[in-house]
Amino acid sequence: MTLLIAFFLLFLVLYPFYVIHKQIRGSREPIERTPAEWRAEYEDISFTTADGVTLRGWWIEGNSERAVLLLHGKAGSRNGFHTGIFDLGAWYHARGYNVMMVDLRAHGESGGHYVYFGVREHADMLEWLERIDPAGKYRWSLHGFSMGAVTAMMMAERRPGNFFKVVAHAPWIDFGKVVRQELWKRASVPSAAYPLIRRIAHLFFGQDFEKADNKERCKKLCGQEILYIRETEDELLPAYHWHLLKRLCPSAKVVTFEGIGHVEAFKTFPHLYTEILEKEGL
C-alpha cells in the first residue's frame, strides 16, 4: 500500500512535466514540395539564431520591391498542408512579391526541440530579416497563421511602422484561456492547475506565457495596418477571443469565414480569400 501511494505521488509530481513537454515539442512535417512547382527560381536559405538553432527556408525572388514573410503555425511547416501556406506563397509570387518562407524553430527542416509560442520565434525572424534585407530595400508585409500570426504581431509590436501590412490569421488573444482549455481537452488537467503549469513551464522549459499573451499587444497594435482573419467553427479559438479583440481594439478589422475550422479558410475558399487580400492592397 505504501509503495502504491509512493507511485501515485510520483505520478502527480511528474505528470505536469510530461504534459508540458508533450505540448511544447515541435513537429517535423516533411518538406515534400518546393517553389520549382511554380516554375520559380528559389534559394535555400538558413540562419543561426542567437541561441544556436539553425533555421531553414526559401527566398523566392520576385519582380518588385514588395516582399512578404509567410509564417506557419504550430505543427506546420513552409509546406503547410493544413493551411495551404505553400500555395499562398505561389499566389504572392505570381503578384510579383519576393517571398520568404521558413520553418520556424522545432518545425520542418529547422533545428530546435521546443516551440515558444512566438516569444523566441519573433526575435528569430526579426534578426533573419535584418540579414536578408540589411539596407531596407524591400517593402515588407507579414502573413501568419495561428502561432505564426502571433509571431507576426510580436514583430509588428517590436518594429512599429516597419511593415506595410500584417495579416494575422487566427491568432489567440487570451493565451492563458487557450492553455487552460487545451490542458483539459488534451490531458484532463483542470484549469486550477494552470498557475503550477505556467511556473513549471517557465522554470524548467524556458517558456514565458505572459509574453505569449496578446491582450495588451492588441491594444498597442490598434493603430497599425492589421487584418485579422477568423473561422466560426474554430474550436481552438472560440468567439470569446474575437469579442475580446473588439473590446481591446474597437477599430480592429476582422474578416470572418463561416462554417469552417481553425486556419482552414484559404484551403476552403482560396478565391474569396485572395480577393480579400487584394482589396487590402496586398
Side-chain angles (χ1 to χ4, degrees), residues 18 20-49 51-62 67-94 97-125 127-129 131-132 142-152 167 169-171 182 186 205 231 234-236 260-270 273-274:
Y18 165 76
I20 295 167
H21 172 75
K22 185 176 180 181
Q23 297 307 315
I24 65 174
R25 281 185 307 177
S27 172
R28 299 299 175 189
E29 182 178 81
I31 305 302
E32 298 175 348
R33 305 173 69 186
T34 75
E37 291 186 21
W38 318 340
R39 298 183 179 178
E41 294 184 5
Y42 68 97
E43 178 185 353
D44 290 308
I45 56 175
S46 64
F47 172 72
T48 301
T49 67
D51 58 344
V53 175
T54 298
L55 308 179
R56 302 190 185 280
W58 297 312
W59 174 256
I60 308 105
E61 191 166 347
V68 63
L69 172 61
L70 297 177
L71 298 163
H72 64 79
K74 186 175 182 290
S77 74
R78 60 193 134 136
N79 268 180
F81 298 110
H82 181 61
T83 62
I85 194 172
F86 178 81
D87 295 316
L88 184 63
W91 179 81
Y92 273 110
H93 187 258
Y97 277 81
N98 301 275
V99 179
M100 183 173 171
M101 304 185 71
V102 303
D103 294 330
L104 297 173
R105 57 169 64 214
H107 289 86
E109 294 180 337
S110 289
H113 300 291
Y114 298 131
V115 301
Y116 293 89
F117 304 102
V119 176
R120 294 194 184 183
E121 289 84 354
H122 88 279
D124 297 340
M125 293 301 107
E127 289 182 37
W128 203 351
L129 284 189
R131 187 77 59 85
I132 289 287
L142 307 174
H143 192 144
F145 293 84
S146 194
M147 187 182 77
V150 175
T151 300
V167 181
H169 186 154
E182 295 304 298
R186 298 173 184 272
F205 296 97
E231 290 97 349
D234 188 337
E235 294 184 358
L236 180 67
I260 54 174
H262 188 62
V263 297
E264 294 178 353
F266 174 66
K267 285 201 74 172
T268 309
F269 303 110
Y273 194 99
T274 53

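All values below were derived from every heavy atom in this structure, side-chain atoms included, with hydrogens, water molecules and symmetry-related copies excluded.
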Chemist: Check whether H122 reaches the backbone of A152 with its side chain - one donor and one acceptor, N or O, closer than 3.5 Å.
Modeler: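 No, the answer is negative, given that no donor and acceptor are paired below the 3.5 Å cut-off.
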Chemist: Are L71 and L104 close enough, and set up right, to give a side-chain contact (heavy atoms from CB on, under 4.5 Å), and what steps lead you there?
Modeler: CA-CA 8 Å; L71 298 163; L104 297 173; 3.9 Å; yes
Chemist: State which residues pass ring pair (Phe, Tyr, Trp, His ring centres under 6.0 Å) with H262; sequence neighbours excluded, sorted by chain then number.
Modeler: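 Testing H262 for ring pair (Phe, Tyr, Trp, His ring centres under 6.0 Å), a comparison that skips the adjacent residues, returns none.
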Chemist: Under 3.5 Å, is there a donor-acceptor pair between the E231 and H169 side chains?
Modeler: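 Short answer, yes.
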Chemist: Of all the heavy-atom pairs spanning P30 and F81, show the shortest one and how long it is.
Modeler: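 Looking at all heavy atoms of both residues, the shortest contact is O-CE1, 3.7 Å.
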Chemist: Working to the nearest 0.5 Å, report the span between CD1 of I31 and NE2 of H107.
Modeler: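 So the CD1 of I31 and the NE2 of H107 are separated by 11.0 Å.
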Chemist: With a 6.0 Å cut-off (strictly less than), is the heavy-atom count around CD of E32, excluding the residue itself, greater than 12?
Modeler: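 More than 12 heavy atoms, drawn from other residues, nucleotides or ligands, come within 6.0 Å of this atom.
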Chemist: Return the set of residues passing side-chain hydrogen bond (donor to acceptor under 3.5 Å, both in side chains) with Y97 (not counting sequence neighbours), or none when no residue passes.
Modeler: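 By the side-chain hydrogen bond (donor to acceptor under 3.5 Å, both in side chains) rule, Y97 matches no residue at all.
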Chemist: Are F117 and V150 packed together at the side-chain level, in the sense that at least one heavy-atom pair is separated by less than 4.5 angstrom?
Modeler: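 Sidechains of V150 and F117: no contact.
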Chemist: List for me each residue that meets salt bridge (charged side-chain N to carboxylate O under 4.0 Å, His left out) alongside E109, sequence neighbours excluded, and say none if there are none.
Modeler: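 Partners of E109 under the salt bridge (charged side-chain N to carboxylate O under 4.0 Å, His left out) test: R78.
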Chemist: For the ring pair (Phe, Tyr, Trp, His ring centres under 6.0 Å) test, which of Y92, Y273, W91 pairs with F266?
Modeler: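 Output: one option passes, namely Y273.
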Chemist: So, do M100 and W128 sit near enough that their side-chain heavy atoms are less than 4.5 Å apart?
Modeler: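 They are in contact (side-chain heavy atoms under 4.5 Å apart), so the answer is yes.
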Chemist: Check T151 against G118 and note the closest heavy-atom contact, atom names and distance.
Modeler: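 Closest approach of T151 to G118, heavy atoms only: OG1-CA, 3.5 Å.
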Chemist: Measure across S46 and R56 and return the closest heavy-atom pair with its distance rounded to 0.1 Å.
Modeler: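 The answer is CB-NH1, 3.9 Å.
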Chemist: What closest approach, in Å, do S27 and A75 show between heavy atoms, and which atom pair accounts for it?
Modeler: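 Taking every non-hydrogen atom into account, CB-CA, 3.4 Å.
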Chemist: Verify whether the ring centers belonging to W38 and F86 lie closer than 6.0 Å.
Modeler: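 Yes - the distance between ring centres of W38 and F86 falls below the 6.0 Å cut-off.
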Chemist: Quick one: does I24's side chain get under 4.5 Å of F205's, heavy atoms only?
Modeler: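 Yes, their side chains come closer than 4.5 Å.
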Chemist: Please report the closest heavy-atom contact between S146 and G73, naming both atoms and the distance.
Modeler: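 Of all heavy-atom pairs spanning S146 and G73, the closest is CB-CA, 4.4 Å.
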Chemist: Is the ring pair H143/F145 parallel, tilted or perpendicular, if the boundaries are 30 and 60 degrees?
Modeler: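 Taking F145 first and then H143, their aromatic rings lie parallel (interplane angle under 30°).
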Chemist: For R33, enumerate each residue passing the salt bridge (charged side-chain N to carboxylate O under 4.0 Å, His left out) test, keeping only those at least two apart in sequence or located in another chain.
Modeler: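 Residues passing salt bridge (charged side-chain N to carboxylate O under 4.0 Å, His left out) with R33: E37, D87.
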Chemist: Quick one, D103 and L55 - any side-chain contact, counting heavy atoms below 4.5 Å?
Modeler: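 Of all side-chain heavy-atom pairs linking L55 with D103, none is under 4.5 Å.
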Chemist: Is a donor from one side chain sitting under 3.5 angstrom from an acceptor on the other, for S77 and N79?
Modeler: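 Per modelled atom types, S77 and N79 side chains form no pair under 3.5 Å.
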Chemist: Any side-chain heavy atom of I260 within less than 4.5 Å of one from F269?
Modeler: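 A side-chain contact under 4.5 Å exists here.
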Chemist: For the residue pair V99 and G89, what are the closest heavy atoms and their distance?
Modeler: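 The answer is CG2-O, 3.8 Å.
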Chemist: Identify, with sequence neighbours excluded, every residue that meets salt bridge (charged side-chain N to carboxylate O under 4.0 Å, His left out) alongside E182.
Modeler: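 If we apply the salt bridge (charged side-chain N to carboxylate O under 4.0 Å, His left out) test to E182, skipping adjacent residues, the hits are K185, R186.
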Chemist: What pairs with D124 under side-chain hydrogen bond (donor to acceptor under 3.5 Å, both in side chains), at least two apart in sequence or on another chain?
Modeler: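 If we apply the side-chain hydrogen bond (donor to acceptor under 3.5 Å, both in side chains) test to D124, skipping adjacent residues, the hits are R105.
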Chemist: Of R25, H21, Q23, which is the lone residue that meets side chain to side chain donor-acceptor pair (under 3.5 Å) with Y114?
Modeler: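 Single pass found, and it is H21.
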